[in-house]
Protein chains: 2
Amino acid sequence: MAKVYTIHDIAIRLNISKSTVSRALRNHPDVSKDTKAAVFEMAEKLNYQKNILASNLASKSTNLIGVVIPEIARQHFFAQALSGIQKVAKEKGYIVMVCQSNEELQEEINQVRALVNSRVAGLLISLSKETDTFGHLQEALDRDIPVVLFDRGTDQIEVSQVTVDDYKGAFDITNHLIHEGYDNLAHLSGPMSLSISQKRYQGFIDALKSSGKNTAEAIVYQCDNLSLDACEAVDRLLSQKKKPDAVFCMSDYMAIQVIKHLKDRGIKIPEDMAVAGFAGDPITELMDPQISTVEQPAYDIGVQAAKRLIMEAESDDRETLGFINRVLPTAIIPRSSTVKKHSN
Amino acid sequence: MAKVYTIHDIAIRLNISKSTVSRALRNHPDVSKDTKAAVFEMAEKLNYQKNILASNLASKSTNLIGVVIPEIARQHFFAQALSGIQKVAKEKGYIVMVCQSNEELQEEINQVRALVNSRVAGLLISLSKETDTFGHLQEALDRDIPVVLFDRGTDQIEVSQVTVDDYKGAFDITNHLIHEGYDNLAHLSGPMSLSISQKRYQGFIDALKSSGKNTAEAIVYQCDNLSLDACEAVDRLLSQKKKPDAVFCMSDYMAIQVIKHLKDRGIKIPEDMAVAGFAGDPITELMDPQISTVEQPAYDIGVQAAKRLIMEAESDDRETLGFINRVLPTAIIPRSSTVKKHSN
DNA sequence: GTGAAAGCGCTAACAC
DNA sequence: GTGTTAGCGCTTTCAC
């Protein structure tokens with residue numbers, strides 16, 4: 001096994017003290033140029049690698065960022081956001097630890113605790129659909145570990161948040177459906193525990209209202225399981241006395257499944273029923289028909305959340321730094337799942 | 001900020017020594033029942049959380065597992081494998097750090113170095129498509145950090161590997177195409193730097209041979225960029241003098257794109273051209289037509305790789321433990337993208 | 001600019 | 001069983 005060198009080894013060889021080596025390595029201003037040069041050279045020569053554990057223990061701070069997301073699979077959004085987070089983290093010298101809550105509160109709590117225990121410098125979290133209590137986040141905050149929520153936030157706890165304009169996205173896509181001439185709209189919502197479900201629902205409702213539609217008649221079916229209730233939902237839509245002619249799904253994945261089940265039943269899209277999703281997953285463009293969706297700046301959410309987190313983590317006066325609540329814009333992408341041929 | 005208690009605090013309050021507290025907390029056999037009980041109670045009361053940094057530094061070992069994968073997004077396979085890894089890690093008390101190489105060797109090297117520097121207990125790696133040098137893995141091994149390769153392996157370096165039977169999967173799906181009556185088969189391969197590309201290619205070729213086909217005529221087009229060359233590939237397939245009637249794509253994502261482009265050109269699937277993928281991504285079942293694919297035990301790969309890694313990490317005689325080369329089975333899933341209606 | 005010394009919070013001999 | 005003593009490899013006062 002290869003010998004692992006320490007600052008001590010460098011110090012001995014250079015006949016200087018450990019502290020000077022330590023300072024030189026960190027580019028501390030009051031180490032002479034020559035000393036630094038010598039230290040770096042020797043470090044290179046020995047292939048010295050700083051022991052981050054020791055460094056962190058001594059400095060009582062780490063270069064770790066903990067990320068907790070509901071799930072990596074199935075949701076391109078999180079993968080994208082993660083890329084943004086990792087880009088920023090890398091730039092600023094942080095390492096990212098990613099955990100999945102699997103949409104379970106208990107898992108989220110466990111992961112946050114484990115991360116806090118690993119003395120992460122900060123926490124980036126997208127809440128699970130079960131999360132309705134925030135003690136675990138408070139624990140982190142009490143330990144002086146900043147928390148930034150991204151995409152799925154809450155107003156139940158005061159932390160910085162970076163989300164997208166779910167409300168406007170839903171409002172706009174619903175409006176798009178109305179303007180395309182669809183008359184009897186349905187919405188497949190997500191669990192109402194999620195802020196994003198609420199906002200998308202509200203956007204849908206308000207768009208109906210603003211067009212003078214009777215919202216009482218609007219068909220809304222709540223899919224608590226974000227990926228598995230589509231079949232049942234389709235059955236319900238089709239069994240309505242006044243069948244909807246368009247359905248806005250709260251996620252792309254839901255839309256994909258809905259389309260499959262509709263097609264299986266011989267229903268033409270968008271002629272018999274239009275279907276729209278939400279998220280801007282690239283797969284929507286590859287489907288047949290291509291699916292109208294609401295694009296989110298996923299990568300950018302990650303970037304901004306990470307930047308903010310690191311700012312808070314490195315600030316020595318978090319009090320006056322305060323919290324931010326950044327809401328990034330969404331944009332609708334109308335495609336053939338909602339736009340009838342020859343209709344334009 | 002909430003006070004963070006240490007074993008020292010517990011020791012003082014209980015009037016015993018730090019070491020006893022440390023031992024009790026780790027459930028060391030030779031601490032009396034009563035002492036343990038008292039320690040646990042006090043730990044609970046103070047909401048004591050072990051400082052993992054200090055623990056790891058002192059014990060010269062960590063509870064961290066580093067994972068490096070090409071990309072999380074776009075490939076359900078990795079997300080699934082990751083879940084398997086995380087399940088095992090959790091059971092055994094490890095924390096998982098996930099990094100993406102973005103299919104770039106340099107990034108892979110950087111991530112491995114960073115992970116080694118964080119003193120991970122072991123490394124789980126799925127090689128990037130650029131990886132043709134293995135010094136970074138050797139560095140880890142030299143530091144006594146075990147490495148287990150999963151899915152994308154190599155025979156260039158001696159480490160344990162958990163892969164799937166890519167060869168047989170490709171062989172079987174090609175055979176399936178032949179038995180369905182397709183006569184002129186094409187293969188869209190991945191970059192030949194990847195072991196999986198090679199094996200899938202070889203399986204394809206050998207299946208042709210075993211059916212007495214002329215492999216010299218077989219159309220093989222190599223897509224180095226795993227997700228972007230599909231359009232070009234389709235053009236090339238269609239411009240062949242003897243147009244292929246079936247194409248086996250080395251990945252599901254490739255198949256999805258190929259299907260889209262074929263449809264855009266008015267080609268019927270599978271009547272005019274059959275298309276098969278590889279990976280068993282759940283999305284293949286939701287597409288229209290449903291895509292024939294080769295299922296991989298993604299979750300299980302993660303589980304087995306993680307189990308083996310932890311075994312190696314915890315072994316005190318790695319020499320005699322040796323290496324394993326586990327190859328998990330694949331299974332073809334014939335669907336309508338290759339099975340003509342009324343043909344059965 | 002550099003060094004000495006103390007200590008981060010824990011583990012691990014070794015003694016009793 | 002339990003305590004004592006040394007560290008793990010680094011950072012950080014505080015002198016000089």
Side-chain angles (χ1 to χ4, degrees), chain A residues 1 3-40 42-43 46-64 93 116-119 121 143-144 316, chain B residues 1 3-40 42-43 46-64 93 116-121 143-144 314 316:
Chain A
M1 175 174 164
K3 166 140 179 63
V4 176
Y5 293 95
T6 69
I7 49 172
H8 180 236
D9 297 306
I10 299 184
I12 296 256
R13 266 151 246 251
L14 257 33
N15 227 313
I16 56 179
S17 75
K18 283 194 317 180
S19 5
T20 302
V21 175
S22 170
R23 280 187 283 246
L25 254 14
R26 278 170 299 146
N27 231 313
H28 195 100
D30 50 51
V31 173
S32 79
K33 255 194 154 175
D34 295 352
T35 315
K36 275 187 192 168
V39 168
F40 278 117
M42 183 58 71
L46 300 183
N47 188 25
Y48 166 80
Q49 309 277 80
K50 171 194 295 200
N51 184 324
I52 299 193
L53 254 31
S55 167
N56 289 343
L57 178 60
S59 66
K60 286 165 164 289
S61 73
T62 71
N63 65 334
L64 257 38
V116 166
N117 253 299
S118 298
R119 304 302 194 265
R143 293 265 222 133
D144 228 27
D316 41 6
Chain B
M1 175 170 164
K3 166 144 179 60
V4 175
Y5 293 95
T6 70
I7 48 172
H8 180 235
D9 297 306
I10 300 185
I12 295 256
R13 264 153 248 249
L14 257 31
N15 227 311
I16 56 179
S17 76
K18 282 194 320 180
S19 9
T20 302
V21 175
S22 171
R23 281 187 283 244
L25 254 14
R26 277 172 298 148
N27 232 313
H28 194 101
D30 50 50
V31 173
S32 79
K33 256 195 154 180
D34 294 352
T35 317
K36 274 187 192 168
V39 168
F40 278 116
M42 183 58 72
L46 299 183
N47 187 26
Y48 166 81
Q49 309 275 78
K50 172 197 290 202
N51 184 325
I52 299 193
L53 256 31
S55 168
N56 289 342
L57 178 60
S59 67
K60 288 167 163 286
S61 74
T62 71
N63 65 334
L64 258 38
V116 167
N117 251 299
S118 299
R119 303 302 195 265
V120 291
R143 295 265 224 133
D144 226 26
E314 293 180 349
D316 41 6

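Per chain, numbering begins at 1; letters A, B, ... match sequence-line order.
Between the OG atom of B/Ser22 and the NE2 atom of B/His8 there is a distance of 13.5 Å, given to the nearest 0.5 Å. Atoms CG and CG, on A/Asn56 and B/Asn51 in that order, are 9.5 Å from each other to the nearest 0.5 Å. Here CG of A/Asn117 is found 10.5 Å from CG of B/Leu53. Values are rounded to the nearest 0.5 Å. Of the inter-residue distances, the one linking A/Arg23 atom CZ with A/Thr35 atom OG1 reads 10.5 Å to the nearest 0.5 angstrom.
A/Leu25 is listed as a side-chain neighbour of A/Ile7, based on a closest heavy-atom distance under 4.5 Å. You'll find the side chain of B/Ile16 reaches within 4.5 Å of the side chain of B/Val39, heavy atoms only. Residues A/Leu14 and A/Val21 have side chains not in contact (no heavy-atom distance under 4.5 Å, counting atoms from C-beta outward). Between A/Tyr48 and A/Val4, every side-chain heavy-atom pair lies at or beyond the 4.5 Å cut-off.
Residues satisfying the side chain to side chain donor-acceptor pair (under 3.5 Å) test with B/Thr62, not counting sequence neighbours, are none. A search for side chain to side chain contact (heavy atoms under 4.5 Å, CB included) contacts involving A/Val116 returns A/Val112, A/Leu123, A/Ala140, A/Arg143, A/Ile145, not counting sequence neighbours. Qualifying salt bridge (Lys or Arg N to Asp or Glu O under 4.0 Å) partners for B/Lys33, counting only residues two or more places apart in sequence or in other chains: none. Applying the side chain to side chain donor-acceptor pair (under 3.5 Å) criterion to A/Ser19, with sequence neighbours excluded, gives A/Ser17. Taking the side chain to side chain donor-acceptor pair (under 3.5 Å) definition, one finds that B/Ser59 meets it with B/Ser61, sequence neighbours left out. Under the side chain to side chain donor-acceptor pair (under 3.5 Å) criterion, A/Asn27 pairs with A/Lys36, sequence neighbours left out. Residues that satisfy the side chain to side chain contact (heavy atoms under 4.5 Å, CB included) test with B/Arg13, not counting sequence neighbours, are B/Tyr5, B/Asp9, B/Met42, B/Leu46.
Of the residues in residues 48-57 of chain B, those placing a heavy atom less than 4.0 Å from an atom of DNA chain C are B/Tyr48, B/Lys50, B/Asn51, B/Ala54, B/Ser55, in numerical order. Residues of residues 30-38 of chain B that place a heavy atom closer than 4.0 Å to DNA chain D, in numerical order, are B/Asp30, B/Val31, B/Ser32, B/Thr35.
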Can you tabulate the close N/O pairs, meaning under 3.5 Å, that link protein atoms to atoms of nucleotides 12-16 of chain D?
residue : atom : partner : partner atom : Å
D/dT12  : OP2  : A/Arg26 : NH1          : 3.0

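With the end axes of the helix from C/dG1-D/dC16 to C/dC16-D/dG1 each set by five pairs, the angle from one to the other reads 30° at 10° resolution.
Residue B/Arg119 contributes atom CZ, which lies 11 Å from atom C1' of D/dC10 at whole-angstrom precision. Between B/Ile12 atom CD1 and D/dT2 atom P the separation is 18 Å, expressed in whole Å. Counting to the nearest Å, the C1' atom of D/dG9 and the CG atom of B/Asn117 are 13 Å from each other.
Taking every nucleotide of DNA chain C with any atom under 4.0 Å from a non-hydrogen atom of chain A, the first and last of them, 5' to 3', are C/dG1 to C/dG9.
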